[in-house]
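Written out below as structure tokens is the structure these notes cover.
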Amino acid sequence: MPDEQFKTTLCVAEGSEIVDFQIQLLYDTDVVRLVSAKASKDVDGDVVVNSGQQGVLKINYTLTSENTSEQMPIVDLVFATDEEIGVGGYEFLKENTAAAKSADRLVGTDLVSVPLECDFSALNIYGSGDVDLNGNVEIRDVTRLRQYLAKIVTLTDYQLRMADAYYDEDVNVRDAVYIQQKLAEFDV
């Protein structure tokens with residue numbers, strides 16, 4: 001997946017009752033490159049994203065009407081992976097714990113500080129042929145692919161992308177044979 005782009009959306013969690021927040025996030029420039037950072041089209045309120053410093057995102061969000069109790073998309077981030085990155089899991093986005101952060105909710109007409117917690121998923125990069133997405137290309141990936149071809153199991157779009165090991169944009173028995181050949185080369 002070298003230099004491919006992916007999108008992630010930062011959201012206010014359901015039930016958070018947040019009316020505003022500010023936070024600084026860090027992204028790993030050895031793993032990803034920021035392509036864009038902008039307010040989500042469905043955001044209710046005002047969002048300011050400052051990405052002027054490489055590896056740093058400053059986010060300020062304000063909703064003036066009422067507390068948010070539903071999950072709401074706030075910021076859409078588009079990243080590209082570094083060309084040198086390999087297969088594996090990467091913690092590419094985290095809170096800058098050294099920077100100030102705050103969050104408030106409305107109680108009547110008063111703003112009351114509330115804790116702001118962040119949770120980010122890892123970026124998982126799988127190798128071509130890793131049909132079961134366990135991080136390894138094994139004979140069971142070939143078995144899973146053959147089960148799909150026999151219409152015994154279904155595969156997600158991403159699994160199908162990993163199954164196209166022959167890179168001809170058609171998942172078929174040629175991919176299963178290709179994966180088997182690659183496995184045999186490493187096991188000899």
Side-chain angles (χ1 to χ4, degrees), residues 1-14 25-44 47 49 51 53-57 59 70-95 118-188:
M1 185 171 126
D3 206 33
E4 287 198 27
Q5 292 185 4
F6 66 96
K7 176 183 168 184
T8 188
T9 301
L10 303 179
C11 298
V12 171
E14 184 174 358
L25 304 177
L26 303 174
Y27 60 93
D28 189 340
T29 57
D30 291 333
V31 176
V32 295
R33 173 177 49 85
L34 182 66
V35 175
S36 69
K38 59 184 176 182
S40 295
K41 64 178 179 143
D42 298 326
V43 69
D44 186 14
V47 178
V49 181
S51 58
Q53 183 180 353
Q54 187 175 13
V56 179
L57 288 169
I59 301 171
E70 298 177 0
Q71 178 175 323
M72 183 183 351
I74 303 294
V75 178
D76 293 327
L77 302 173
V78 178
F79 291 98
T81 57
D82 185 272
E83 291 179 9
E84 303 298 319
I85 196 169
V87 173
Y90 299 89
E91 302 294 330
F92 75 100
L93 187 62
K94 64 182 179 180
E95 174 187 344
C118 300
D119 184 26
F120 302 104
S121 299
L123 169 63
N124 293 308
I125 298 181
Y126 301 97
S128 175
D130 187 4
V131 179
D132 64 2
L133 305 177
N134 74 347
N136 301 304
V137 179
E138 306 163 312
I139 196 64
R140 66 190 196 167
D141 294 299
V142 176
T143 302
R144 188 79 166 166
L145 177 51
R146 289 186 181 271
Q147 289 172 332
Y148 166 78
L149 295 171
K151 300 187 185 324
I152 296 170
V153 300
T154 59
L155 298 177
T156 66
D157 288 343
Y158 194 73
Q159 286 175 305
L160 287 170
R161 195 167 162 196
M162 293 298 100
D164 185 16
Y166 202 71
Y167 299 110
D168 61 357
E169 297 182 9
D170 184 28
V171 176
N172 55 38
V173 72
R174 176 183 277 172
D175 297 297
V177 170
Y178 186 78
I179 296 168
Q180 282 180 287
Q181 288 173 336
K182 286 299 192 185
L183 288 170
E185 285 177 23
F186 291 118
D187 290 337
V188 173

message = According to side chain to side chain contact (heavy atoms under 4.5 Å, CB included), who are the partners of Leu10, at least two apart in sequence or on a separate chain?
response = Leu25, Ile59, Val75, Leu77, Leu93, Phe120
inquiry  = Going by salt bridge (Lys or Arg N to Asp or Glu O under 4.0 Å), name the pairs with one or both residues in residues 142-157, residues two or more places apart or in two chains.
reply    = none
task = Applying side chain to side chain donor-acceptor pair (under 3.5 Å), name anything that partners Ser128, two or more places apart in sequence or on another chain.
result = Tyr167
remark   = Of all heavy-atom pairs linking Ala165 and Ile179, the shortest is CB-CG1, 3.6 Å
key: Backbone N/O of Gly55 and side chain of Tyr27: donor-acceptor pair under 3.5 Å   = yes
note = Residue set satisfying side chain to side chain contact (heavy atoms under 4.5 Å, CB included) with Gln53, at least two apart, ordered chain then number -> Val56
Partner residues of Asp28 under the salt bridge (charged side-chain N to carboxylate O under 4.0 Å, His left out) criterion, sequence neighbours left out = none
key: From CA spacing to verdict: side-chain contact (heavy atoms from CB on, under 4.5 Å), Val142, Leu145   = CA-CA 5 Å; Val142 176; Leu145 177 51; 5.6 Å; no
request  = Could you tell me which residues satisfy side chain to side chain donor-acceptor pair (under 3.5 Å) with Asp119, sequence neighbours excluded, listed by chain and number?
outcome  = none
query = Should we count OH of Tyr90 as having more than 12 external heavy atoms under 6.0 Å?
reply = yes
ask   = Which residues pass the ring pair (Phe, Tyr, Trp, His ring centres under 6.0 Å) test with Phe92, sequence neighbours left out?
value = Phe6, Phe79
key: side chain to side chain contact (heavy atoms under 4.5 Å, CB included) against Leu133, all qualifying residues, sequence neighbours excluded   = Tyr126, Tyr158, Gln159, Met162
key: Set of side chain to side chain donor-acceptor pair (under 3.5 Å) partners for Glu138, sequence neighbours left out   = Asn134, Arg140
ask   = Would you say the side-chain atoms of Asp164 pair up with the backbone N or O of Val171, donor to acceptor, closer than 3.5 Å?
value = no
task = Could you pull out all residues at least two apart from Thr9 that satisfy side chain to side chain donor-acceptor pair (under 3.5 Å)?
result = Asp76
request  = Apply the test side-chain contact (heavy atoms from CB on, under 4.5 Å) to residues Val137 and Leu183: give CA-CA distance (whole Å), side-chain angles for both, the deciding distance (0.1 Å), then the verdict.
outcome  = CA-CA 8 Å; Val137 179; Leu183 288 170; 4.2 Å; yes
query = By salt bridge (charged side-chain N to carboxylate O under 4.0 Å, His left out), which residues pair with Glu95, not counting sequence neighbours?
reply = Lys101
